[in-house]
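Note sheet for the following structure.
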Amino acid sequence: MRWLKTWIALMLTVCFSLQMNTSSYAVTMDMPGELLPWSEVQYIIPRYSKFQVVEPESGLVFSVQRRAGSSHADVQPLTKNDTEIMKQIYEGKWSWERRAVIVVTEDNRRIAGSMHGMPHGGDGIPGNAFKGHFCIHFLGSTTHKSGHVDPGHQWMVHKAAGQIESYLNALTPEDQIAAWIVALNQQDESMIRQMYKGSQHNPDELEKLLADLKTIDAARLLETRKKEKESTPSQEALTYEKHSVIAVQRKNDKMRNKSCLFRFARDSASQPWRLESFEIH
Ligand SMILES: [Zn+2]
């Protein structure tokens, strides 16, 4: 019977350490990650290094390896189990939606990042049931092809760092429109609420908008009207309006071009701009 005792002791140790492992990563947004620029992060998580990704909203944790990427990290889940956990974060459906995450390194550094959930491109880890890689952006990361800083990822990086308010305060109306389109595209209620926070918006209009958000599948900014293309608010302006054309796809419908109007206001020239209303026609 000695083997049985040993086996039970062993199992208890395994269960205990598993539990310890889980609880030490059960983090919330109250424990933000460090806001570190990609120029530094790239050396903290060099190519082929392994680290953990924590998604604070679900509390889920999975392990990845950085395989490539020069302007952000291209990573892959380590095992089939890690892939399954990642898929759970996306409610079982792979998506380009940006999510605030905290990258936890082997020496326990916690860095604010933003991931998407769509396997694509080059593969490399056999047997992990993940076809390709996915991207994790950090402060100042840029995309593969265009070399642009992605407004959705930068929003989520600041959210992961617990600095969303100061980030939003520093955004120009133009940058806020870009963030707004991200919120529509990924039906992100918390982004919409955050952008309306502290503005003189109509609460009924906000609730209507949030209900409408559920009917949207995808959205992207097409253009701003030509004659207004160059216009930016003057230094002293306290209100600012912008007409734009956006492509919107509603559920069970095709992509349709819609004109919309953004209205911004601020209390004084030194105060941050706030979106007050959004009309779509
Ligand atoms: Zn990438």
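Counting convention: from 1, in listed order, for ligands and their atoms alike.
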> Does Glu276 have any salt bridge (Lys or Arg N to Asp or Glu O under 4.0 Å) partners at least two apart in sequence or in another chain, and if so, which?
Replying inline: none
>> What count do you get for protein N, O or S atoms closer to the Zn ion (ligand 1) than 2.8 Å?
In response: 4
> More than 12 foreign heavy atoms under 6.0 Å from CD of Glu279: is that the case here?
Replying inline: yes
>> Quick check: Trp94 with Phe130 (ring centres under 6.0 Å apart)?
In response: yes
> Within a radius of less than 6.0 Å around NZ of Lys93, do more than 12 heavy atoms belonging to other residues, nucleotides or ligands occur?
Replying inline: no
> Between His72 and His137, how do the two ring planes meet: parallel, tilted or perpendicular, split at 30° and 60°?
Replying inline: parallel
> Are side-chain N/O atoms of Arg250 and Thr215 paired as donor and acceptor at under 3.5 Å?
Replying inline: yes
